[in-house]
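Below: the structure, in structure tokens.
Atoms within each ligand, like the ligands themselves, are counted from 1 in listed order.
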Amino acid sequence: MTIQTISTTPYADQKPGTSGLRKRVTVYQQPNYVENYIQAIFDSLEGFAGQTLVMGGDGRFYNDVAIQKAIRIAAANGFGRVLVGRGGILSTPAASHVIRHYKAFGGLVLSASHNPGGPDGDFGIKYNISNGGPAPEKITDAVYARSKVIDSYKTTDTADIDLGRIGTQAVGDMTVEVIDPVTDYAALMETLFDFGAIRAMFASGFRMTFDAMNAVTGPYAHDILEDRLGAPKGTVINGTPSPDFGGGHPDPNLVYCKEMHDLLMTPEGPDFGAASDGDGDRNLIIGKNRFVTPSDSLALLAANAHLAPGYKAGIAGIARSMPTSAAADRVAEKLGIEMHETPTGWKFFGNLLDAGRVTICGEESAGTGSDHVREKDGLWAVLLWLNIIAARKQSVDEIVRAHWATYGRNYYTRHDYEEVDAAIAGKLVDDLRAQLPGLPGQILGDDLQVAYADDFTYHDPVDGSTSAKQGIRIGFTDGSRIVLRLSGTGTVGATLRLYLERYEAADGRHDLDTQSALEPLIELADQLAGIKQRTGRQEPSVIT
Ligand code: VG1
Ligand code: CO
């Protein structure tokens, strides 16, 4: 093997967003684009000589090309071993587990998650650290800085690795070990949940549909739900990963999983429906006649986690991203445990999990997870739900209603305005930010008194770091909130996310339609920010 040093010129746009560097495939296909970015990552790290690096992705278009490049660059930079999922496949939570389980130095996760794939779709690369979680901002900032001045990268003149063959191969002095992507992850799940009780539930006629959306969770769901838990064949649909996700949009929400949702609302439908996204870290949960809002799901899972063997001793604390509803806060209060509010993105949960201060984390964007890995985990959430249903012997609807009757209900919705002109979106946020100091104390709309209005700044209680400008929040004295921020995962223009929340006490009305219940807040948000007028859009692109 010869190590080659290839000269290159920097790209100006390699700034990691909420979750890694996401770009159009055509951007990634530019000469040295992948090479520059991976070398910039390695240049920002220290002490990896001879260490293990994990690699895997959601199998989307360009995964196979990028992973071979990454293997050569890792060898040339002095890593000792690469662990890679067969076919280049590892779901994001499985990659996190493999990093932790084999005590790797870190990992490269090749995914653009819920963004569409294929030659005209998106691709992404994310670096995870040794705790299995996404690199914190200190590292992502350093990578970006390095990418702007990079002038060479190292690679080798070696041939492609056969990623279809389980076992060990060599790239010069570096070992490449191709592993089964499912085995270690499935074994971890068996330690957390009561597989016997769930198996018995399926055996007695409980029916579910799991939509893998032609993405990475197919092999995991077939193995765990059908093979290990005995759910009938056909429980998993769209279970074969395809490079363009069958032409679909692998985002498990009510827009892209409408068919399954509608089926669950009929008497003939199964008892339980679930789905996961491109890289397997998100979850959609629907019971018969009951869609569970992700924010509610976080609260419900936290309140019931002790029913699963892995959490029977109770949970240490809960963390949620700032835009996520405060439903979980009420659970933490009742349990007398810590509650943390963090900026959007899983990288902010890592320190709290490592310090043992929280056990369960979640985001309104259908991400929930625990300290078993350092990423959100779609199948984990599905299995915890199944475990809770088996233990409580109640339907999802009954469990949700009982929860609201105890804690009250946080009506919640998110309105996305996608592919908005970036300059217009930026100005909209700036102008709203400028209004904030004058808002507290004012009575707005239908008798809503502003309690606070700020641009969220997070102070990490573990490492003392500060992250400013994490989203605008306007809170009212009755617990309602308006939150607005720009997405950090989109690849075209800007995506404006408007989050709305209203609290209804335990003895209040819990049967209102969500959009109607939030209508006054939706109106008020539009008055304050001028969304319709400035974007020219009459409706959001997606409502979740
Ligand atoms: C979105 C979600 C955020 C999530 C992130 C990555 O980010 O809102 O909650 O952590 O995607 O999830 P943004 O910046 O677009 O709002 V995934 O499943 O795309 O890795
Ligand atoms: Co994802």
Side-chain angles (χ1 to χ4, degrees), residues 15-22 56-60 90-96 109-117 121-128 133-135 137 140 212-213 215-217 220 245 249-253 256 275-284 294-295 297-298 319-325 341-350 361-369 373-381 412 414-420 425 429 456 467 469-472 483-499 541-542 544:
K15 183 174 168 48
T18 310
S19 184
L21 182 71
R22 291 193 193 167
D58 59 15
R60 66 178 57 224
L90 277 179
S91 76
T92 291
S96 182
V109 181
L110 309 186
S111 167
S113 190
H114 58 288
N115 299 21
D122 291 343
F123 189 70
I125 299 179
K126 181 172 63 161
Y127 179 71
N128 282 24
E137 284 193 322
T140 54
M213 306 190 87
V216 80
T217 47
Y220 296 85
F245 309 118
H249 197 137
D251 192 352
N253 62 31
Y256 302 116
S276 191
D277 69 333
D279 62 330
D281 57 1
R282 297 190 181 198
N283 68 88
L284 173 76
S295 293
S297 185
L298 169 66
R320 63 164 172 85
S321 67
M322 183 274 282
T324 304
S325 98
E341 185 177 42
T342 58
T344 296
W346 214 261
K347 60 185 168 214
F348 295 101
F349 293 135
C361 305
E363 296 193 277
E364 52 67 38
S365 54
T368 342
V373 290
R374 292 294 180 276
E375 290 276 6
K376 54 191 188 279
D377 188 344
L379 266 170
W380 170 89
Y412 186 85
R414 184 176 98 189
H415 289 193
D416 290 339
Y417 294 80
E418 293 174 347
E419 297 187 24
V420 173
V429 173
F456 180 53
S467 304
K469 290 201 169 175
Q470 296 296 327
I472 290 174
V483 170
L484 193 133
R485 59 180 281 280
L486 296 178
S487 156
T489 57
T491 53
V492 178
T495 294
L496 197 64
R497 301 204 197 281
L498 173 66
Y499 311 80
S541 332
V542 180
T544 51

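Note: an N/O pair closer than 3.5 Å links Thr489 and ligand 1 by distance alone. For the pair Arg497 and ligand 1, the shortest N or O to N or O distance falls below 3.5 Å. Polar contact check, Leu486 against ligand 1: no nitrogen or oxygen pair lies under 3.5 Å apart.
Of the candidates His114, Glu363, Arg414, it is Arg414 that places a heavy atom closest to atom 8 (O) of ligand 1.
Rounded to 10°, the angle formed at the Co ion (ligand 2) by Asp281 OD1 and Asp279 OD1 is 90°.
For the pair Ser467 and Glu137, the minimum side-chain heavy-atom distance is below 4.5 Å. Taking 4.5 Å as the limit, some side-chain heavy atom of Arg414 sits within range of a side-chain heavy atom of Ser365. Taking the side chain as every heavy atom from C-beta outward, Phe245 and Met213 never approach each other to under 4.5 Å. Contact check for Tyr412 versus Pro323: side-chain heavy atoms found under the 4.5 Å cut-off. Contact check for Thr344 versus Glu363: side-chain heavy atoms found under the 4.5 Å cut-off. Looking only at side-chain heavy atoms (C-beta outward), Arg374 and Asn128 stay at 4.5 Å or farther from each other.
The contact set between ligand 1 and Thr344, taken as ligand atoms under 4.0 Å from a residue heavy atom, comprises 3 (C), 8 (O), 9 (O). Near Ser19, the atoms of ligand 1 lying under 4.0 angstrom from a non-hydrogen atom of the residue are 6 (C), 20 (O). Every atom of ligand 1 with a heavy atom of Arg485 under 4.0 Å away is listed here by number and element: 13 (P), 14 (O), 16 (O). The atoms of ligand 1 that sit less than 4.0 Å from any heavy atom of Gly488 are 13 (P), 14 (O), 15 (O). Atoms of ligand 1 lying under 4.0 Å from any heavy atom of Asp281, numbered from 1 in the order shown and given with element: 18 (O), 20 (O). Each of the atoms 10 (O) of ligand 1 lies under 4.0 Å from some heavy atom of Gly345. Atoms of ligand 1 found under 4.0 Å from any heavy atom of Ser113, numbered from 1 in the order shown, are 17 (V), 18 (O), 19 (O), 20 (O).
Salt-bridge check for Lys126 with Glu375: passed, with a basic side-chain N closer than 4.0 Å to an acidic carboxylate O. A salt bridge links Arg282 with Asp251; the closest basic N to acidic carboxylate O contact falls under 4.0 Å.
Ser321 does not count as a contact of ligand 1, since none of its heavy atoms falls under 4.0 Å from the ligand. At least one heavy atom of Arg22 sits under 4.0 Å from some atom of ligand 1. Using a non-hydrogen distance threshold of 4.0 Å, Lys126 does not register as a contact of ligand 1.
Checked by atom type, the side-chain pair Thr495/Asp416 shows no donor-acceptor distance below 3.5 Å. Checked by atom type, the side-chain pair Asn283/Thr368 shows a donor-acceptor distance below 3.5 Å.
With a 4.0 Å heavy-atom cut-off, ligand 1 is reached by the side chain of Asp277 but not by its N, CA, C or O. With a 4.0 Å cut-off on non-hydrogen atoms, Ser487 touches ligand 1 through its backbone as well as its side chain.
Interatomic distance, CD of Glu418 versus CZ of Arg497, reported as 7.5 Å (0.5 Å rounding).
Partner of Asp279 under the side chain to side chain donor-acceptor pair (under 3.5 Å) criterion, out of Asn115, Thr92, Thr217: Thr92 alone.
Its N, O or S atom nearest to the Co ion (ligand 2) is what matters here, and for Asp277 that atom is OD2.
For the Co ion (ligand 2), the set of nearby N, O or S atoms under 2.8 Å includes one belonging to Ser113.
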